[in-house]
Amino acid sequence: MIGRPRSSYPSGGSTRVRRSVLGALAGVAALLATGVTATPASAAPDPGVMTSSAQERALAFWTPQRMREATPLDLLTVDRSDVKAPAPRKGKATVVAPSAPASAAGPLAFPYGGGPWAGGGAVAKTAGRVFFSYQGRTASCSGNAVTSANKSTVITAGHCVKLEGAWHTDWVFVPGYHDGQRPYGTWAAAKTLSTPQWTASEDINYDIGAAVVAPLDGKKLTDVVGGQGLAFNTGYNKAMYSFGFPAAAPYDGEKFIYCSGTTTRDFLLSNDHGLTCNMTGGSSGGPWFTQFSEATGTGLQSSVNSFKYNFLPNAMYGPYFGADAQNLYQSAQSS
């Protein structure tokens with residue numbers, strides 16, 4: 001049975017986008033408010049690849065005003081469905097250690113359903129906002145810098161790099177964004193990637209994306225902000241922290257927000273992790289960490305903010321980092 005998607009976070013004058021996802025997904029909706037018109041970038045020679053001139057245009061395009069006016073790309077939302085998606089492929093449990101410097105931070109609440117992150121630490125530098133052009137509009141998501149061989153890899157959601165069959169353009173990452181400030185600069189993507197399942201048919205179980213950003217002022221990303229660790233194939237029911245820059249009401253995208261708690265495995269449509277969390281549109285692609293230290297702000301990235309069920313507005317879901325997520329990471333860090 002095909003369900004009908006309804007957004008939990010409607011915006012005034014918004015446009016609904018509907019699609020099917022690999023037959024396993026009942027439907028998802030992405031709402032983008034009208035009004036802010038972007039200048040489309042020239043077509044890339046290959047999907048997800050940005051030429052040097054396209055990177056320069058993206059950096060020039062994202063003025064402070066455009067960032068303020070960018071519409072949050074809503075979290076994907078789904079209705080009930082009797083259809084079950086195939087479980088993500090499993091592999092050997094693998095951990096990549098963080099490369100972010102330690103920084104002192106005081107203890108915060110656990111579990112926590114959503115609010116400003118006041119702990120500081122490495123995560124306040126590695127996580128950031130993502131901005132891009134989508135269907136002629138400007139939009140925002142979240143992302144996170146991770147330890148990588150190329151020192152230039154950002155992990156985000158699949159729908160934050162490609163949606164409705166089209167790769168986003170003018171894609172940039174702003175680590176440490178807060179209150180309109182860009183303390184570590186704006187980094188243009190040289191390439192964006194996703195899992196094969198998301199790239200081919202936007203399967204909700206594989207809503208994972210990555211970007212390889214170009215050097216800025218002769219420096220590489222993680223040499224400037226550090227990189228978080230990663231964990232693949234490490235199971236369910238974990239204590240996790242989720243971060244992002246929600247920009248739909250009641251949030252405005254200017255604050256760094258977190259949720260925390262012990263996750264559950266989705267028992268409905270997907271094979272995702274579930275977490276009580278009130279973050280809204282714009283938080284998509286923000287990192288989920290296991291073994292997260294509030295004292296240092298470091299952890300092992302194990303998922304990303306992906307979707308919410310319409311009938312469970314205070315529950316966030318994030319894809320399981322299995323073999324395909326690990327392969328995506330390997331492809332990105334070797335690019």
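Here the structure is a predicted model, which means the values were calculated and not measured. Quick note: numbers below take in every heavy atom, side chains included, and nothing from hydrogens, waters or symmetry partners.
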Visitor: For Thr199, does its backbone N or O pair with a side-chain atom of Lys162 as donor and acceptor, under 3.5 Å?
Guide: yes
Visitor: Return yes if some donor-acceptor pair links the side-chain N/O of Glu254 with the main-chain N/O of Arg68 below 3.5 Å, else return no.
Guide: no
Visitor: Is there side-chain contact between Met67 and Arg182, with at least one heavy-atom pair below 4.5 Å?
Guide: yes
Visitor: Does the pair Glu69 and Arg137 meet the rule for a salt bridge (charged side-chain N to carboxylate O under 4.0 Å, His left out), with working shown?
Guide: CA-CA 10 Å; Glu69 295 175 347; Arg137 303 177 179 91; over 6 Å; no
Visitor: Taking atom types as modelled and ignoring hydrogens, do the side chains of Asn305 and Ser242 form a donor-acceptor contact shorter than 3.5 angstrom?
Guide: yes
Visitor: Assess the pair Tyr317 and Tyr309: is the distance between their ring centroids shorter than 6.0 Å?
Guide: yes
Visitor: Just wondering, do Lys255 and Asp179 contact through their side chains at under 4.5 Å, heavy atoms?
Guide: yes
Visitor: Could you grab the distance from atom CD1 of Ile155 to atom CZ of Phe173, nearest 0.5 Å is fine?
Guide: 10.5 Å
Visitor: Looking only at the side chains, is there a donor atom on one of Ser201 and Asp203 sitting less than 3.5 Å from an acceptor on the other?
Guide: no
Visitor: Can a donor-acceptor pair be found, under 3.5 Å and without considering hydrogens, that links the side chain of Thr195 to the backbone of Tyr206?
Guide: yes
Visitor: Judged by atom type as modelled, is there a donor-acceptor pair below 3.5 Å linking the side chain of Asp207 to the main-chain atoms of Gly158?
Guide: yes
Visitor: Under the criterion ring pair (Phe, Tyr, Trp, His ring centres under 6.0 Å), which of Phe245, Tyr251, Tyr241 is the partner of Phe256?
Guide: Phe245
Visitor: Would you say the side-chain atoms of Ser302 pair up with the backbone N or O of Leu300, donor to acceptor, closer than 3.5 Å?
Guide: yes
Visitor: Are the side chain of Asp217 and the backbone of Lys219 linked by a donor-acceptor contact shorter than 3.5 Å?
Guide: no
Visitor: Parallel, tilted or perpendicular, judged at 30° and 60°: which one describes the rings of His168 and Phe132?
Guide: parallel
Visitor: Any chance you could lay out the side chain to side chain contact (heavy atoms under 4.5 Å, CB included) test for Val130 and Trp171, step after step, and finish with the verdict?
Guide: CA-CA 7 Å; Val130 169; Trp171 203 101; 3.3 Å; yes
Visitor: What's the verdict on side chain to side chain contact (heavy atoms under 4.5 Å, CB included) for Tyr329 and Phe321, showing C-alpha distance, side-chain angles and the deciding distance?
Guide: CA-CA 10 Å; Tyr329 165 69; Phe321 272 22; over 6 Å; no
Visitor: For Phe289, check ring-ring contact (aromatic ring centres under 6.0 Å, His included) against everything at least two apart and list the hits.
Guide: Phe243, Phe292
Visitor: Using modelled atom types only, decide if a donor and an acceptor are shared between the side chain of Ser53 and the backbone of Thr51 within a distance under 3.5 Å.
Guide: no
Visitor: May I ask you to decide if Ile208's main-chain N or O and Ser194's side chain share a donor-acceptor pair within less than 3.5 Å?
Guide: yes
Visitor: Taking Trp62's backbone N and O only, do any of them form a donor-acceptor pair with Asp170's side chain (distance below 3.5 Å, no angle check)?
Guide: no
Visitor: Would you say that Trp288 contacts Met316 through its side chain, given a criterion of any heavy-atom pair below 4.5 Å between the two side chains?
Guide: yes
Visitor: Does the side chain to side chain contact (heavy atoms under 4.5 Å, CB included) test come out yes or no for Thr264 and Tyr236, once each step is laid out?
Guide: CA-CA 7 Å; Thr264 58; Tyr236 290 91; over 6 Å; no
Visitor: So, do Pro250 and Thr280 sit near enough that their side-chain heavy atoms are less than 4.5 Å apart?
Guide: yes
Visitor: Start with the C-alpha distance between Trp187 and Lys220, add both sets of side-chain angles, then the distance that settles side chain to side chain contact (heavy atoms under 4.5 Å, CB included), and finish with yes or no.
Guide: CA-CA 9 Å; Trp187 301 73; Lys220 294 187 175 181; 5.5 Å; no
Visitor: Could you tell me whether Arg265 and Asp272 have a side-chain N and a carboxylate O separated by less than 4.0 Å?
Guide: no
Visitor: Looking at residues at least two apart in the chain, or sitting in another chain, which of them share a side chain to side chain contact (heavy atoms under 4.5 Å, CB included) with Pro215?
Guide: none
Visitor: Counting distance only, does the side-chain N/O of Ser148 pair as donor-acceptor with the main-chain N or O of Lys151 below 3.5 Å?
Guide: yes
Visitor: Only one of Val224, Val154, Thr126, Leu221 forms a side chain to side chain contact (heavy atoms under 4.5 Å, CB included) with Pro175, so which one is it?
Guide: Leu221
